[in-house]
Amino acid sequence: MELKPANNFIEEIINEELSVGKVEKIRTRFPPEPNGFLHIGHAKSLCINFGTAQKYGGKCNLFFDDTNPSKEKDEYVQAIKEDIRWLGFEWDTINYASDFFQDIYELAVGLIKAGKAFVCDLTADEIRENRGTLTRPGVESPYKNRSVEENLQLFENMKNGMYADGEKVLRAKIDMASPNINMRDPVIYRVLHATHHRTGDKWCIYPMYDFAHPICDSLQGVTHSLCTLEFEDHRPLYNWVVENTGVSHKPRQIEFARLNVTNYVMSKRYLKKLVEEKFVDGWDDPRMPTLTGLRNRGVPAEALKRFCEEIGVAKANSEIQVEYFDHFVRDYYNQNAPRAMVCFNPIKVIIDNYEGSETVLTDINPNKPELGQREMTFSKTVFIDGEDFSLCPPPKYFRMKKDGLVRLKGAYVVRCDDYVLNEDGSVKEVHCTYLPETRSGSDNSGIKVKGTIHWVDGQNFVPCQVNKYGHLLNDAEYAGQDFSERMNLNSKTVIDAVCERYVADAADGECFQLLRKGYYKKMSGGDKPVLSEIVSLKDSFKA
RNA sequence: UGGGGAUUCGCCAAGCGGUAAGGCUACGGACUCUGACUCCGUCAUCCGGGGGUUCGAAUCCCUCAUCCCCAGCCA
């Protein structure tokens, strides 16, 4: 078999195994616990698990790690599925740890029969004390030497609901003196009288992650269980379970560093608090780093995936700068977004020497000529963006200013002759003269202007507003439509340009972060408006 | 002060004994009917520090330092 060049250390391991015939078909799994929403950190794991399988012509399962019914909900499994579909990944099968509860139970019984597990009556506090510390070995449970028969009976009693939560647990007999705390006779089953979102009240004992996960991996035929670094210490236990439980298929766990992004809060605890205490509108608030939040912010799935591919896979803890993420979003829109024009805080411009009207054209996307051109009406009165006119322009201001020349994109070069102010000092209207010989497409004037600005025809404009997601709306019916749909709708209007912008802080519907780098810098003033509220909140949590 | 990981440019990241890829950022400059995009140029004599092995080391050995993870009946 021909090996594909490895792009990271995980693929190197796989290549090695492939070359010695240790594995043939690769199977991975993406294993979320349905206790919250997926965020950008999960996107990395998604890309690694699905991507690795894909690369080797293998399969990836969606696996819900639902072994703790007190925290899990069906609502979350539905949301997770939707987010994964949005990203465009296709799982082979969907499995749930709860599907394997019976198998896991039987393997636990097998462990007891083999004298490798025992029922322990110690309380949680006592177990903790007996576990020892980082530097001191633990002491054995007084219940460790119960007979197999007694253990079997007790475990069955546990299963049959004869004990209260916490009264008894099943523990693996490994080594209380192990320097690895995870190996000090870990609890593998606990009594928990809780209704499970899938199995209801069928069970009142639930396997712990460390016991269930390796078994489920094995039963699913997973060859590579790719997870994050904090599970490195659990790998010996993972392997112990695989070996001692007697499952025939032996998966291998490999760990990689989780994703951190500057200014992004990823901890589920913080995110939950933000939602519950109403700092944001919900998990899908565009300020959230959740996949659904990013989607509402206008981040294309494709851009997110490319970002995940480019950041690499390694074992060193790292923090990627948001700028890198923004780069892929910008790049995607530059390549794919239809172009259009929009004016915020519009200023009326009257072209004194122009009469009548005409149709002018502009490329829908200069990178995609096949998309054709957009028709716009040009007449005596137009609106320009409030930021594109300055009463007292700074040194290198290339947009509209008194006595200056500027091009109205797709139309003519105009000279600003004068302006009229309102009583409050704001600009009422601006008067210009257009240069007929500078018509777009047939300009032989030789006149060069430094600035080209957006404009909207005074008669054919479409008023718009921003919804709570920062989406630019023409009217209420557009609410809730996603970014791409919105752009198509806008293509029939002269007001759009949304394609070049996405919202950084939609709280008041006014603060925009623009995809265009120049604007980004201008508006952020060197600071990071993105998630600013959340960041400050994070600091207060720490304090 | 037990164990497990990590340490290459501001941020990611290649490199696997033969003399430091690439991307992001930044800074110059060109171009431009989006101050965007594009384009050219600059940005580690050095790979956490110190020793050693070698003709030759970021790559091997020793040692020190720093950072992250582990004492849930969470995952």
Side-chain angles (χ1 to χ4, degrees), chain A residues 7-8 12 31-33 35 65-68 70-72 97 120 122-125 127-129 131-138 165-171 177-184 186-192 205-206 208-210 212-213 227-236 255 257 262 268 307 310-328 330-331 333-335 339-341 362-363 366-367 396-399 406-413 438 440-441 443 448-454 497 500 514-522:
Chain A
N7 286 324
N8 55 247
E12 270 174 33
E33 180 188 16
N35 70 343
D65 215 334
D66 55 353
T67 55
N68 184 0
S70 64
K71 291 186 174 178
E72 298 148 4
C120 184
L122 258 23
T123 64
D125 284 342
I127 288 180
R128 187 179 313 121
E129 280 169 29
R131 186 153 32 222
T133 66
L134 297 179
T135 53
R136 198 183 66 236
D165 290 2
E167 204 175 320
K168 283 184 168 49
V169 293
L170 183 69
R171 296 224 256 163
S178 172
N180 182 343
I181 291 178
N182 295 302
M183 301 297 270
R184 319 238 260 229
V187 171
I188 56 177
Y189 254 100
R190 79 283 217 183
V191 176
L192 187 59
I205 55 171
Y206 293 92
M208 299 290 289
Y209 164 86
D210 282 316
H213 207 87
C227 63
T228 43
L229 246 31
E230 68 268 28
F231 293 105
E232 255 174 331
D233 286 343
H234 295 244
R235 192 171 60 229
E255 313 82 11
T262 55
K268 221 168 230 175
F307 167 70
E310 295 305 316
I311 55 178
V313 181
K315 299 194 73 153
N317 296 110
S318 63
E319 187 175 48
I320 280 67
Q321 296 173 329
V322 263
E323 286 82 354
Y324 202 27
F325 177 57
D326 289 343
H327 162 75
F328 291 100
R330 248 190 266 117
D331 188 57
Y333 277 122
N334 185 41
Q335 297 308 319
R339 305 305 149 91
M341 299 197 277
T362 188
D363 287 340
N367 296 313
K396 288 199 168 176
Y397 189 82
F398 299 135
R399 285 167 284 166
V406 71
R407 166 153 235 124
L408 297 178
K409 184 174 166 63
Y412 298 90
V413 170
T438 61
S440 181
D443 182 351
K448 294 282 182 193
V449 291
K450 280 287 204 178
T452 298
I453 64 176
H454 284 196
E500 292 179 347
L514 302 170
L515 242 27
R516 292 162 57 183
K517 244 167 149 185
Y519 278 110
Y520 177 87
K521 279 194 294 189
K522 184 181 69 186

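To find a chain, count down the sequence lines: A is the first, B the second, and so on, and within it residues start at 1. The basis for the numbers below is simple: all heavy atoms, side chains too, and nothing from hydrogens, waters or symmetry mates.
Within 4.0 Å of A:Tyr206, counting heavy atoms only, lies no atom of the nucleic acid at all. In this structure, A:Gly410 reaches the bases: a heavy-atom distance under 4.0 Å links it to at least one base atom across the strands shown. Within the nucleic acid shown, A:Pro236 has no heavy atom closer than 4.0 Å to any nucleic acid atom. Counting any heavy atom pair closer than 4.0 Å across all strands shown, A:Gly441 reaches a base atom. Using a 4.0 Å heavy-atom distance criterion, A:Ala257 is classed as making no nucleic acid contact. Within 4.0 Å (heavy atoms only), A:Glu232 reaches sugar-phosphate atoms of the nucleic acid but no base atom.
With A:Asp233 contributing its side chain and A:Asn182 its backbone, the two residues share no donor-acceptor pair below 3.5 Å. Remark: side-chain polar atoms of A:Thr362 are not paired, donor with acceptor, to backbone N or O of A:Gly410 under 3.5 angstrom. Listed for the A:Thr228 side chain is no donor-acceptor partner under 3.5 Å among the backbone atoms of A:Glu230. Under a 3.5 Å cut-off, the side chain of A:Asn35 and the backbone N or O of A:Glu72 do not form any donor-acceptor pair.
For B:rC12 and B:rC61, the P atoms lie 26 Å apart once the distance is rounded to whole Å. B:rC74 sits 14 Å from B:rC70 when the C1' atoms are compared, rounded to a whole Å. The same atom, C1', is picked in B:rA13 and in B:rU7; the two are 14 Å apart, to the nearest Å. A gap of 22 Å separates the C1' atoms of B:rC40 and B:rA44, to the nearest Å.
Nucleotide B:rA57 has no partner under the Watson-Crick or G-U criteria, as no pair reaches both atom distances under 3.5 Å. Pairing of B:rA26, defined by two Watson-Crick or G-U wobble distances under 3.5 Å, is identified with B:rU42. Summarising the base pairing, B:rC33 is matched to no nucleotide, lacking a Watson-Crick or G-U wobble pair whose two defining distances lie under 3.5 Å. Look at B:rC16: it lacks any Watson-Crick or wobble partner with both distances under 3.5 angstrom. With both pairing distances under 3.5 Å, B:rU66 is matched to B:rA6 as a Watson-Crick or G-U wobble pair.
An anti orientation is assigned to B:rG29, its glycosidic angle lying beyond 90° of 0.
Atom CZ of A:Arg330 is separated from atom CD of A:Glu323 by 8.5 Å, given to the nearest 0.5 angstrom. Rounding to the nearest 0.5 Å gives a distance of 9.5 Å between CG of A:Asp66 and OH of A:Tyr206.
Here A:His213 pairs with A:Phe63, A:Tyr209 under the ring pair (Phe, Tyr, Trp, His ring centres under 6.0 Å) rule; sequence neighbours left out.
Between the side chain of A:Glu255 and the base of B:rG5 there is no donor-acceptor pair of N/O atoms closer than 3.5 Å. A donor-acceptor contact under 3.5 Å is not formed by the side chain of A:Ser318 with the base of B:rC12.
The nearest heavy atom of RNA chain B to A:Gln321 and to A:Asn367 marks one nucleotide each, and the one closer to the 5' end goes with A:Gln321.
Rounded to an integer number of Å, the gap from NZ of A:Lys315 to C1' of B:rC12 is 18 Å.
Between A:Tyr324 and A:His327, the ring planes lie parallel to each other; the angle is under 30°, not in the 30° to 60° tilted range.
For A:Glu12, the listed nucleotide lying nearest its side chain is B:rC16; candidates were B:rC16, B:rC24, B:rG35.
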Q. Could you run down nucleotides 69-75 of chain B 5' to 3' and tag each one B, S or - for protein heavy-atom contact under 4.0 Å?
A. BBBSBSB
